[in-house]
Amino acid sequence: MRLPGPSGADRVAGDRHVVVIGGGIAGIAAAMVLTERGVRVTLCEASDRLGGRVAAWPLGDGRTMSRGFHAFFRQYYNLRGLLRRVDPELARLVAIEDYPLTRPDGLTDTFAGLPRTPPLSVAAFALRSPTFTLGSLTTVNILAALELLTVRFPGTHQRYDGESAGAFLDRLRFPAAARDLALEVFARSFFAHPSEFSAGELVAMFHTYFMGSAEGLLFDVPDDDYDASLWQPLGERLASLGVEIRTSARVDALLIEEGRAGVRFGAEELTADAVVLATDPRPARELIAALPATEHLREWQERVADTRNAPPFVVLRLWLDGLVDASRPAFLGTSGFGPLDNISVLERFEAGAAAWAAEHGGSVVELHAYACPESVVSDATVAQEIAAQLVAQLHRAFGETASLGEVHRELLVRHDCVLVGPDQPWGERPGVRTPAPRLVLAGDWVRCDLPVALMERAATTGFQAANALLDGWGVAGEDVWTVPLTGILAR
């Protein structure tokens, strides 16, 4: 459904300057909408390239690396709207034919071939799934299951304040195998164990992917590395519209005062009419904490400080000297394989990986481990131990890989994603608008009362941040799209 942006003039009157901090999805989305309305934009990114947590970079020998595979779900309406600025037909997104989820005992669920209309899609999934039997369904808590069909946004997130996804799954009393595959794998994809993840987020995402849309849980992926297929074209588009893009430009401080806004880089100050703060959660907390704790900001600063990062995650990319069996899926979600959460076979969809595979006769395989212990960040030995476990579990899942050698490997450990946990009430999480009219927030860590998350929350809040500023200047904003805001039984 379409949620119209603010109405008003087509373009700003006079000179308006906005500094956007952060060159990831949220910052690019905000910068794009603002510059299209005639706002002068300076986009500041701390790293040497655009893309944020979806960036990719060269390794110097024709190979590339990223922070890991991302699924571009078909319900990502606003992210896709951003990508259409440079790829109107979304030709650079290729479809993944299936998204199987498997356990070591061989039980496997798939999403291919299901009817697209809810609730028929969910009914067909349950009837086809080996994890649901007539006997096991008698244990399901019907009242709890009905909650998945009676969502109503905004409001549903607050309904689950204080309850974890794990506790909600316990209340559902789903069969253990169905819980592992259909729901717990889903929760872990938010980089957290279900006991630390909000039930409200889980319910919202169940609505988004299963009960509130006809797109299902299949998804698309870029046809090459993220830099080549996404961020270079978007960066060129921004530059052609007049955006000044500053990379390797880490902002040291926000300057938010009566009558002015801006940022500081070392000794340099850059003034503007407003600032969009679209960084990762940790630097955003640091910049906001450093603002003067005036009476009208103090409570908000405390709420920002209460946000948390998800546990660390590990990405291991392997360049193997032989091919993965052709019958293997391009993407496999796993449960019960130790720390291994999913396997991607990159040459199936990424042009650079396919070129390497063709030249060397091998496969490029990526392994993810979510919700890792905190010690993996500071102790290289722990990271190597997890990497060894990932390889062992790859051999268990794809037996043919046990006889293949490694030509190259790249291991990444990151600890910069948001955790929407049960301990901070949803309504107290910081939203796009702030007590300082010249400062707005954007990013996947920012509260958005629509049923969106991850990359789509980043794009959506980027649009909303631009809209908040444009509304104040009497300028028409960007329409925002979402799945229906009520469940099929909420009406």
Side-chain angles (χ1 to χ4, degrees), residues 68-76 93-137 140 145 148 169 172 174-190 194 202 205-222 323-338 340-350 363 365-368 370 393-401 454 483:
F69 173 89
H70 288 78
F72 288 67
F73 288 100
R74 293 164 192 173
Q75 297 89 341
Y76 285 1
L93 292 183
V94 297
I96 295 295
E97 295 180 356
D98 196 7
Y99 171 23
L101 310 172
T102 192
R103 300 196 331 166
D105 58 12
L107 288 178
T108 300
D109 279 327
T110 76
F111 297 95
L114 294 174
R116 297 183 61 184
T117 304
L120 295 178
S121 53
V122 174
F125 174 80
L127 288 172
R128 192 177 69 181
S129 170
T131 64
F132 287 96
T133 65
L134 289 177
S136 66
L137 287 175
V140 172
L148 299 171
L169 294 175
L172 272 178
F174 266 29
R179 169 175 169 153
D180 287 347
L181 294 182
L183 292 171
E184 190 155 332
V185 167
F186 201 49
R188 287 181 62 83
S189 68
F190 286 78
L202 180 68
M205 293 304 97
F206 188 93
H207 170 71
T208 296
Y209 296 115
F210 289 101
M211 300 305 298
S213 69
E215 288 87 356
L217 206 61
L218 297 180
F219 53 82
D220 306 316
V221 292
L323 291 170
V324 168
D325 191 276
S327 66
R328 302 298 188 188
F331 182 85
L332 179 69
T334 60
S335 178
F337 287 82
L340 178 66
D341 284 294
N342 57 59
I343 304 170
S344 305
V345 185
L346 299 187
E347 72 266 19
R348 303 285 174 80
F349 50 84
E350 188 176 295
S363 282
V365 176
E366 186 175 279
L367 312 174
H368 289 192
Y370 303 136
Q393 295 300 330
L394 169 66
H395 297 166
R396 186 182 179 195
F398 290 1
E400 71 276 13
T401 62
L454 301 174
V483 301

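What you see is a predicted model; the values in this text were computed from it and never measured.
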Sequence-distant partners of H70, side-chain contact (heavy atoms from CB on, under 4.5 Å), two or more places apart | V54, F72, Y226, M455
Under the side chain to side chain donor-acceptor pair (under 3.5 Å) test, which residues partner T110, sequence neighbours left out?
-> R128
Could I get the full list of side-chain contact (heavy atoms from CB on, under 4.5 Å) partners for P104, not counting sequence neighbours?
-> F337, R396
Partners of D98 by side chain to side chain donor-acceptor pair (under 3.5 Å), sequence neighbours excluded?
-> none
Report the C-alpha separation of L202 and L169 in whole Å, then their side-chain angles, then the decisive distance to 0.1 Å, and conclude whether the side-chain contact (heavy atoms from CB on, under 4.5 Å) test is met.
-> CA-CA 10 Å; L202 180 68; L169 294 175; 3.9 Å; yes
Sorted by chain and number, sequence neighbours left out, side-chain contact (heavy atoms from CB on, under 4.5 Å) with L454 holds for Y76, F190, F191
Taking ring pair (Phe, Tyr, Trp, His ring centres under 6.0 Å) as the test, write out the residues that go with F349, two or more places apart.
-> F69
With a 4.5 Å limit on heavy-atom distance, are the side chains of D109 and P100 in contact?
-> no
Using only heavy-atom distances, determine whether the side chains of S213 and Q75 contain a donor-acceptor pair under 3.5 Å.
-> yes
Which heavy atom in A95 sits nearest to a heavy atom in R74, and how many Å separate them?
-> CB-NH2, 3.3 Å
Looking at OG1 of T108 and CG of L332, how far apart are the two atoms once the value is rounded to the nearest 0.5 Å?
-> 7.5 Å
Determine the minimum heavy-atom distance between I96 and A330, stating which atoms define it.
-> CD1-CB, 4.1 Å
Using the test side chain to side chain donor-acceptor pair (under 3.5 Å), find all partners of E400 that sit at least two apart in sequence or belong to another chain.
-> R328
Approximate separation, where rounding is to 0.5 Å, of L101 CG and L107 CG | 11.5 Å
Are V365 and F398 close enough, and set up right, to give a side-chain contact (heavy atoms from CB on, under 4.5 Å), and what steps lead you there?
-> CA-CA 11 Å; V365 176; F398 290 1; 5.8 Å; no
First locate atom OH of Y209, then atom CG of L218, and finally report the distance between them rounded to the nearest 0.5 Å.
-> 12.5 Å
Using modelled atom types only, decide if a donor and an acceptor are shared between the side chain of D341 and the backbone of Y370 within a distance under 3.5 Å.
-> yes
With sequence neighbours left out, what residues match S363 under side chain to side chain donor-acceptor pair (under 3.5 Å)?
-> E347
Which residues share a salt bridge (Lys or Arg N to Asp or Glu O under 4.0 Å) with E366, sequence neighbours left out | R317
What's the spacing between N342 CG and H368 NE2 if we round to 0.5 Å?
-> 5.5 Å
How far apart are the closest heavy atoms of L340 and T334, and which atoms are they?
-> O-OG1, 2.7 Å
Are side-chain heavy atoms of L367 and Q393 found at a separation under 4.5 Å?
-> no
